[in-house]
Amino acid sequence: MRENDLRRVFVKIEPDVALKGRIINRIDHLEDNNMKHASKKGIRRTVVIAACITAVSITTVFAAGNIISYFQSEKSVELTDMNALSRYNEEVGVTASNHGYTLTIDNLATDDNFMHVFYTLKQDNGFTEQDGEKHLWFICRINGQVANFGNHNEEYGYLSEDGSYKGVLKLNIASMKIPETFKFEMYSAEGSQLNGEFEGDYLYRDGVQLTESDISKLLYVSTTANKSSVKTKSIVRNIHRKFSVPYYDKDNNLKTGEAEISKVVFSPFGNQIIVKDQCKGAGATSVSGWALFDENGKSLDILNTDFTGSPEGAESTNAIEFLKADVNTKYLKFVPMKQDTYEFLRMNTQAIGTYPLTFKVNRYGNVVVTDVRITDGKIEIDYFKDGFSSPDPDFKLLDKEGNKAESLEKHGCLQTTRVHHNTNSYTIIYEYYAEYDESGNKVPFEKSSVSKENLEKQFTQIGIGEYEFMLDYDNAIDMNLK
């Protein structure tokens with residue numbers, strides 16, 4: 001989900017009622033469909049019962065090439081590698097209008113891992129700041145197969161100065177078989193009382209051929225797309241490496257099942273490992289927390305993401321994205337932690353102001369903070385990982401005494417992690433937007449309480465926990481990529 005969506009619809013522990021109804025309505029359309037379980041888990045992942053709501057977004061450096069209008073605004077969230085997006089996108093310009101809306105597909109950028117759909121949505125009377133976030137929800141099909149309901153999909157957007165909505169969908173297509181040229185469809189049944197025109201999950205099923213009558217009821221565009229420009233830049237290695245995985249069945253009984261690393265995909269838009277199982281998605285969930293090394297013993301960064309889980313006995317397919325590798329990588333190794341060796345040691349703290357700051361997080365790796373920026377209502381921390389550590393460091397914002405900055409703890413914040421693919425580094429952003437009393441109740445918010453001056457007084461040290469554990473190389477999963 002987008003940063004603005006999260007800020008708008010969730011406060012501390014109470015989701016927006018209207019959005020909740022909208023989500024449940026979508027889930028209900030997927031009844032008795034395996035995609036239901038994928039979408040339900042992905043959506044609910046964004047509801048975090050905590051003072052901070054966590055979202056994942058991505059940013060890199062702009063490069064010259066085909067113009068993508070979405071990025072011509074400071075409101076945009078840059079995603080994937082901007083050099084690759086600029087070089088490997090195709091300008092489309094297909095437009096359709098219906099029910100007071102006009103949809104234009106501006107650009108498509110597709111490789112063997114991801115498809116990026118850049119679009120513009122207009123409303124006849126124009127969007128306003130009040131309803132600009134209430135844009136339509138779109139279904140995307142590639143040769144008839146629905147592309148929305150896998151894991152690791154992303155969506156961002158903003159209201160532009162001309163009253164239109166500029167959006168981008170990043171669809172994870174690594175588990176799909178996509179030919180060089182394919183039919184792409186994008187449509188919405190929202191914006192009017194259209195949902196009642198279709199029974200059950202008709203609009204969400206794979207292989208459905210929409211009729212002209214169907215299309216007339218939708219805001220619908222289609223085009224012929226291709227990924228031939230990146231054909232020589234993508235490498236797919238079929239692995240089919242099976243491994244055992246523990247999971248809980250529907251009666252909460254612990255069982256052991258089988259999962260498979262089916263393939264590894266290297267492409268301009270990212271690197272991913274595809275994991276399949278019939279154990280409710282436990283295969284990907286398990287190995288995503290393990291260490292990942294290449295043939296030289298270098299630790300590779302696994303990115304935090306959501307995972308899908310079909311019912312027990314039905315196949316779940318998930319993708320795990322990782323950094324610090326490329327098409328020349330010859331070998332990968334997943335290494336789990338030894339059972340019963342995980343122990344918290346200490347909180348390591350350092351004063352901000354002089355960089356870099358190196359924090360030992362375990363015997364296998366460090367987190368290195370390279371900068372901290374404080375502005376009104378916002379704290380940004382730049383860092384990278386040196387060796388193996390958890391996907392997202394648990395930074396603690398501390399006062400000069402080394403205690404949690406209590407005044408900051410009273411504020412609700414949007415916590416966003418941006419991944420810089422071109423430098424293998426990250427920025428975590430804390431953006432404060434609300435205030436709560438000791439009982440967790442929302443109280444009137446004074447923006448001055450999170451001014452740059454006040455934030456600098458409250459937040460003077462960073463803390464990161466250090467843990468002790470052992471990696472279990474005897475039970476590693478080896479993947480030969482040559």
Side-chain angles (χ1 to χ4, degrees), residues 3 6-7 10-14 48-57 304 342-363 365-387 389-420 425-468:
E3 297 172 23
L6 286 167
R7 183 185 293 107
F10 295 119
V11 295
K12 207 149 190 182
I13 62 172
E14 298 176 347
V48 180
I49 303 177
C52 288
I53 303 167
T54 302
V56 177
S57 60
N304 194 7
Y342 196 80
E343 179 185 2
F344 175 77
L345 293 181
R346 63 186 64 87
M347 179 65 63
N348 294 323
T349 63
Q350 296 190 59
I352 64 174
T354 302
Y355 308 99
L357 304 174
T358 300
F359 295 86
K360 184 178 180 180
V361 292
N362 58 62
R363 66 170 60 201
N366 304 313
V367 169
V368 181
V369 173
T370 57
D371 193 21
V372 174
R373 295 177 300 282
I374 301 176
T375 55
D376 288 343
K378 184 185 295 186
I379 296 172
E380 298 175 271
I381 302 174
D382 297 333
Y383 67 95
F384 66 88
K385 301 175 185 178
D386 178 19
S389 68
S390 62
D392 290 331
D394 185 17
F395 288 110
K396 302 299 183 185
L397 309 185
L398 307 175
D399 62 21
K400 62 182 179 180
E401 304 298 331
N403 300 313
K404 288 184 179 180
E406 292 300 331
S407 54
L408 292 183
E409 292 291 304
K410 296 179 181 179
H411 292 88
C413 72
L414 176 69
Q415 180 182 316
T416 305
T417 299
R418 295 184 178 175
V419 183
H420 309 290
S425 62
Y426 309 79
T427 299
I428 188 167
I429 302 172
Y430 301 88
E431 192 164 2
Y432 297 92
Y433 65 95
E435 187 171 351
Y436 300 89
D437 61 22
E438 294 181 356
S439 299
N441 299 313
K442 194 172 183 180
V443 298
F445 178 54
E446 292 292 338
K447 291 186 178 180
S448 61
S449 64
V450 290
S451 66
K452 179 178 183 294
E453 181 181 7
N454 282 334
L455 289 179
E456 288 176 337
K457 290 178 180 178
Q458 300 167 42
F459 169 45
T460 61
Q461 297 190 79
I462 293 177
I464 302 181
E466 181 181 348
Y467 295 83
E468 171 61 23

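In what follows, residues are counted from 1 in the order of the sequence shown.
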Is it true that a side-chain atom of [X] and a backbone atom of [Y] form a donor plus acceptor pair closer than 3.5 Å?
{"X": "Lys385", "Y": "Ser425", "answer": "no"}
{"X": "Asn366", "Y": "Val368", "answer": "no"}
{"X": "Glu468", "Y": "Glu343", "answer": "no"}

Could you tell me the separation between the [atom1] atom of [X] and the [atom2] atom of [Y], rounded to the nearest 0.5 Å?
{"X": "Leu397", "Y": "Gln458", "atom1": "CG", "atom2": "CD", "answer": "10.0 Å"}
{"X": "Gln461", "Y": "Asp399", "atom1": "CD", "atom2": "CG", "answer": "7.5 Å"}
{"X": "Glu431", "Y": "Gln415", "atom1": "CD", "atom2": "CD", "answer": "12.0 Å"}

(request) With sequence neighbours excluded, tell me which residues meet salt bridge (charged side-chain N to carboxylate O under 4.0 Å, His left out) with Asp394. (result) Lys396
Non-hydrogen side-chain atoms of [X] and [Y] separated by less than 4.5 Å:
{"X": "Glu380", "Y": "Asp371", "answer": "no"}
{"X": "Val372", "Y": "Phe459", "answer": "yes"}
{"X": "Ile428", "Y": "Thr416", "answer": "no"}
{"X": "Ile462", "Y": "Val369", "answer": "yes"}

For a quick test of your reading: what N or O donor-acceptor pairs under 3.5 Å do the side chains of residues 351-362 make, sequence neighbours left out?
residue	atom	partner	partner atom	Å
Tyr355	OH	Gly353	N	2.9
Asn362	OD1	Tyr364	N	2.6
Asn362	OD1	Gly365	N	2.9
Asn362	ND2	Phe388	O	3.1

(message) Can you tell me how the ring of Tyr426 sits relative to the ring of Tyr383, calling it parallel under 30°, perpendicular over 60° and tilted otherwise?
(response) parallel
Please enumerate all residues that pass side-chain contact (heavy atoms from CB on, under 4.5 Å) together with [X], with sequence neighbours excluded.
{"X": "Thr460", "answer": "Lys400"}
{"X": "Lys457", "answer": "Glu453, Asn454"}
{"X": "Arg346", "answer": "Asn348, Glu466"}
{"X": "Lys452", "answer": "Ile374, Asp376, Glu456"}

(request) Measure across Ile379 and Leu455 and return the closest heavy-atom pair with its distance rounded to 0.1 Å. (result) CG1-CD1, 4.2 Å
(message) So which atom in Thr349 and which in Gly463 form the shortest heavy-atom distance, rounded to 0.1 Å?
(response) CG2-CA, 4.0 Å
